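A quick write-up on the structure given underneath.
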Amino acid sequence: MAVEKHHMIREVHEGPDALRRTLEDKGAFRKVARKVAEAAYSQVFVTGCGTSLHAGIAAAYALFELAGVAAQPIDATEMVYAPLGAVREGSLVIAISQSGETTDTLRAVRAAKGKKADILGVTNFPESSLAKEAKYLVLTKAGEEKAVVATKTYIAQLGALYAFTVEYASALGKLKEDRAEQLWRSLEGLPDKMKRLLGGKPVDTIKEAARFAKAVHNAFVLGVDVTYPTALEVALKLKEGTLMHGEAFSAPEFRHGPISLVDSSTLIVALYPPPSRKEAHSALHSVVKECKEAGATVFVVASEGDSKAKNYADYLVEVPATEPCFASVTYVVPGQLLTYYTAIAKGLNPDKPRRLVKVVKLEEEGEV
Ligand code: F1P
């Protein structure tokens, strides 16, 4: 690969390898998952900040679907307030932080431990504070990430959390062996599928869309079902990297108010769930139609062979088909690339967005 000027684009290209390395030690996931299953937790929370929180929401969706576990995602910044009232002995808190040093996440973890909860830490740094606080550890193997805008670490977090979920669901007796194997094969096939999005037609389309997006002030990122967690992450990327106002909604929820903001200056990023999720797919499609009629420009990400998704698309990026519950891994890549190329088109440095730092470490907040 050519030497890239920015860390961000180099790190987007390193996503497939980060995922492959993270998934390598199957036995480690199995060991942790078995211990967690044996402990028979009565409730599960998932927490983190920013991109890590979004990986946690994606994991909660997989835990609902594959393990039948009602995992409750909560922002780490909120966890220390009202939600703490529900944390008790027998609670498991899955805490995610690529650095393992984010103050807000560590505060949530310490508060939960104070209520006798156990912590499963998911981090890129085995020596980090989060790793030290955690009873169980799941490691991502993304290597160092230099750009402030997180990309490959998110991919690695998804991989680790999905692998844990498959093993946990199996240990709970919720997945048959052959289905678990099928899911593992699907996970292991994801790096190659991601690579297909990093060049050729998808990138040409994204560069073209970025030339349009550089003048956009408001973008709404619509997902539904398995693409909803990805929508949250893509909207965060757009805000951090391009300074445009990007906001995510579950597509049907978008009708309950925000749709009135759509006009001919709006960009809609529509993340179509795989067509096999029929109801969700048509729920999103009908909202996209209304947005198109209101004059919006529509950037669509859809599964290959999704014939309906082209109908209202000004720009269309097709992602290789995957197990729907792992869709976040492929669907986020066009969003990461759209962020990068729009930042470049706007003359911004995506490695160092204004006012953002890679690790948010806070002093005790006194009176201000
Ligand atoms: C969490 C995070 C990042 C975000 C920014 C600030 O970091 O919110 O997701 O991009 O850099 O910190 P971490 O807890 O995953 O290290």
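Given the structure is predicted, the values throughout are model-derived calculations rather than measurements. Order of appearance sets the numbers: ligands from 1, and atoms from 1 within every ligand.
Given atom 4 (C) of ligand 1, the protein heavy atom at minimum distance is E240 OE2, 3.7 Å. From the protein, the heavy atom lying nearest to atom 5 (C) of ligand 1 is V357 O, 3.7 Å. Counting protein heavy atoms only, atom 12 (O) of ligand 1 is closest to K358 O, 3.7 Å. The protein atom (non-hydrogen) at minimum distance from atom 9 (O) of ligand 1 is T51 N, 3.0 Å. What sits closest to atom 15 (O) of ligand 1 on the protein, heavy atoms only, is S52 OG, 2.6 Å. Given atom 7 (O) of ligand 1, the protein heavy atom at minimum distance is T102 OG1, 3.5 Å. The protein non-hydrogen atom at the shortest distance from atom 2 (C) of ligand 1 is C49 O, 4.0 Å. At the shortest separation from atom 16 (O) of ligand 1 among protein heavy atoms lies S99 OG, 2.6 Å.
Contact annotation for Q98 and ligand 1: heavy atoms of both the backbone and the side chain come within less than 4.0 Å of the ligand. Contacts of V359 with ligand 1, taken as heavy-atom pairs under 4.0 Å, are absent altogether. Residue contacts with ligand 1, taken as heavy atom pairs separated by less than 4.0 Å, involve V360 solely via side-chain atoms from C-beta onward.
Classified by interplanar angle (parallel below 30°, tilted 30° to 60°, perpendicular above 60°), the ring pair Y136/Y41 is perpendicular.
Contact analysis leaves L356 out of contact with ligand 1, as no non-hydrogen atom separation drops below 4.0 angstrom.
Other residues, nucleotides and ligands place no more than 12 heavy atoms under 6.0 Å from the OH atom of Y81.
Short contacts between ligand 1 and G50, defined as distances under 4.0 Å to a heavy atom of the residue, involve ligand atoms 8 (O), 9 (O).
A side-chain N or O of H7 and one of R10 form a donor-acceptor pair less than 3.5 Å apart.
Listed for the S282 side chain is a donor-acceptor partner under 3.5 Å among the backbone atoms of K278. The closest donor-acceptor contact from the side chain of K195 to the backbone of P16 lies at 3.5 Å or more, if one exists at all.
Aromatic pair H54/Y154: ring centres not closer than 6.0 Å. The ring of Y162 has its center closer than 6.0 angstrom to the ring center of F326. Under the 6.0 Å cut-off for aromatic ring centres, Y312 and H285 qualify, their centroids lying closer than that.
Across N124, T123, T22, T153, a single residue satisfies side chain to side chain donor-acceptor pair (under 3.5 Å) together with T140, and that is N124.
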